[in-house]
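Notes follow once the structure below has been shown.
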Amino acid sequence: MKATELQTPVYLVDEKRIEENLRILHGVEERTGCHILLAQKAFSMFRIYPLISKYISGATASGLFEARLAQEEMQGENHVFCPAYTTAEMQEICGICDHISFNSMRQLELHRPIWEKAGVSVGIRINPEFSTQDGHEIYDPCAPGSRLGVLKKDLPPHLPKGVQGIHFHTLCEQDAEPLADTVASVEENFGNYLNEAKWVNLGGGHHITKPGYNIELLEKTIRHLRDTYDVEVYLEPGEAIALNAGYLYTKVMDIVENTLPILILDASAACHMPDVLEMPYRPPLFNGGEPGEKAVTCRLASRTCLAGDVIGDYSFDRMPEIGDTLIFEDMAIYSMVKNNTFNGMPLPDIALMHVDGNCEVVRQFGYDDFKCRLS
Ligand SMILES: Cc1ncc(COP(=O)(O)O)c(C=O)c1O
């Protein structure tokens with residue numbers, strides 16, 4: 001089926017673009033000997049996990065459910081990090097994960113009898129207290145008051161018995177320079193632990209597949225860690241795997257006049273692309289310009305009741321009409337993993353555009369998907 005024949009709203013994932021990203025990531029693995037893991041929190045379209053596992057080492061999870069998904073659908077390594085695990089979760093996780101990172105000494109010790117018995121490789125997440133981003137404080141795990149990672153002052157002088165790994169995640173959509181700076185700071189402040197560790201996990205937030213990313217510096221940084229400390233190096237990007245590799249197709253259902261024409265869409269920022277409101281950011285729109293750049297400027301909004309459920313103002317060469325399809329770009333990441341049925345809004349279908357351009361509807365949702373989450 002052609003993309004234009006898909007029912008809207010629909011997330012359409014572009015297999016060719018995914019594979020292009022995966023080739024870049026595979027190249028980094030091959031040249032440096034590091035291990036790259038898909039952070040499923042960003043993208044969990046398990047239909048293409050077999051494709052992903054052809055190119056990279058495995059997946060990482062934010063808890064038991066993502067870990068189970070990787071175990072069922074992905075080949076390769078299965079890592080997990082969560083600020084707190086229940087005993088029942090830890091028991092199940094030890095049966096399916098090969099690497100577990102803990103967020104506190106208390107959690108590490110609470111679950112010690114379970115992970116020691118299972119023989120899983122265990123790491124501790126540190127907080128390097130080295131912020132490299134400004135603006136988005138909610139995406140900065142090094143911000144004052146952060147709950148993510150153990151502070152240097154709270155670590156014992158040596159890695160606790162049985163702990164093999166150091167984990168830190170501090171970046172968000174960043175290039176390799178902030179990573180190199182962070183690594184230098186970690187070496188200075190946590191160098192003794194690096195000397196004792198078998199592996200170090202550099203978290204996510206590396207925009208490796210973004211055009212212009214400094215891959216050379218990334219590889220130099222990875223090689224430096226491997227050569228200096230004799231550690232396995234892990235990276236767990238989410239965005240980089242599916243960056244610019246998906247679209248949200250939506251239809252114009254009505255046009256309301258206020259201070260400007262407002263297009264009522266069958267897609268919603270609040271339900272289908274919550275990061276637009278949370279980050280906040282303005283998603284790219286195919287053939288859409290900045291306000292005032294093209295002939296007509298319209299506000300793109302949803303059919304929910306939320307006054308602020310507005311995607312943004314965009315300009316067009318001609319006035320859009322009811323029934324027109326609009327295409328939001330870069331909609332594979334942090335979209336379908338975060339969506340919801342607020343207002344009883346239907347969830348977008350999930351479709352895959354194969355390399356030959358043919359589109360396949362992989363999953364459709366309906367009323368039952370709304371009802372089954374309520375009681
Ligand atoms: C611990 C951890 N690892 C990996 C990621 C993936 O980050 P990104 O999708 O920005 O690469 C995140 C994102 O929040 C994270 O918290």
Side-chain angles (χ1 to χ4, degrees), residues 13 18 21-22 24-25 28-29 34-45 52 56-67 69-70 74 77-85 93 97 99-104 107 122-128 130-133 135-143 146-150 165-176 178-179 182 186 199-210 213 215 218 222 233-246 273-275 278-279 281 330-338:
V13 171
I18 295 271
N21 288 345
L22 289 169
I24 295 172
L25 298 169
V28 174
E29 278 202 343
C34 78
H35 306 245
I36 298 185
L37 310 166
L38 162 71
Q40 295 172 92
K41 69 190 74 190
F43 183 69
S44 305
M45 187 177 175
I52 295 173
I56 58 173
S57 295
T60 189
S62 317
L64 172 63
F65 288 174
E66 284 185 357
L69 187 63
M74 178 91 99
E77 297 186 42
N78 198 1
H79 294 226
V80 64
F81 163 78
C82 182
Y85 307 93
I93 281 171
C97 287
H99 291 69
I100 303 174
S101 291
F102 289 96
N103 190 55
S104 72
Q107 275 275 311
V122 155
I124 193 91
R125 178 167 173 173
I126 57 165
N127 178 348
F130 188 81
S131 291
T132 54
Q133 38 180 310
H136 298 308
E137 200 166 293
I138 66 161
Y139 292 101
D140 182 5
C142 294
S146 169
R147 71 190 178 289
L148 299 166
V150 185
I166 299 288
H167 181 297
F168 58 89
H169 165 80
T170 64
L171 307 181
C172 179
E173 300 188 336
Q174 280 166 288
D175 211 308
L179 172 68
T182 305
V186 168
W199 54 266
V200 56
N201 185 324
L202 309 180
H206 320 277
H207 247 180
I208 306 169
T209 50
K210 187 175 171 184
Y213 180 92
I215 291 188
L218 170 71
I222 296 169
V233 176
Y234 289 94
L235 275 85
E236 46 180 43
E239 290 211 7
I241 277 109
L243 193 67
N244 291 317
M273 36 182 145
D275 269 359
E278 266 176 40
M279 266 193 101
Y281 84 103
D330 199 16
M331 276 293 151
I333 47 179
Y334 294 106
S335 54
M336 55 188 111
V337 290
K338 286 188 108 173

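Atoms within a ligand are numbered from 1 in the order they appear, just like the ligands themselves. Throughout, residue positions are numbered sequentially from 1 according to the sequence presented.
Between Trp199 and Tyr234, the angle of the ring planes goes over 60°, which puts this pair in the perpendicular group of the 30/60° scheme.
For the ring-ring contact (aromatic ring centres under 6.0 Å, His included) criterion with His79, the lone passing option out of His35, His99, His167 is His99.
Judged purely by distance below 3.5 Å, without hydrogens or angles, the side chains of Thr132 and Gln174 pair a donor atom with an acceptor atom.
Judged by a 6.0 Å distance limit and a 45° cone about the ring axis, Arg125 is positioned over the six-membered ring of Phe81.
Within 6.0 Å of NZ on Lys338 lie more than 12 heavy atoms contributed by other residues, nucleotides or ligands.
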| said: For a side-chain hydrogen bond (donor to acceptor under 3.5 Å, both in side chains) check, start with the C-alpha distance between Glu239 and His207, then their side-chain angles and the critical distance, and finish with the verdict. | reply: CA-CA 7 Å; Glu239 290 211 7; His207 247 180; 2.8 Å; yes
Note down each nitrogen or oxygen pair, ligand 1 side and protein side, whose separation is under 3.5 Å; give only atom names and the distance to 0.1 Å.
unit_1	atom_1	unit_2	atom_2	d
ligand 1	3 (N)	Glu236	OE2	2.7
ligand 1	7 (O)	Gly205	N	3.4
ligand 1	9 (O)	Gly238	N	3.3
ligand 1	9 (O)	Glu239	N	2.9
ligand 1	9 (O)	Tyr334	OH	2.7
ligand 1	10 (O)	Gly205	N	3.4
ligand 1	11 (O)	Gly205	N	2.8
ligand 1	11 (O)	Gly238	N	2.9
ligand 1	16 (O)	Lys41	NZ	3.1
ligand 1	16 (O)	His169	NE2	3.4

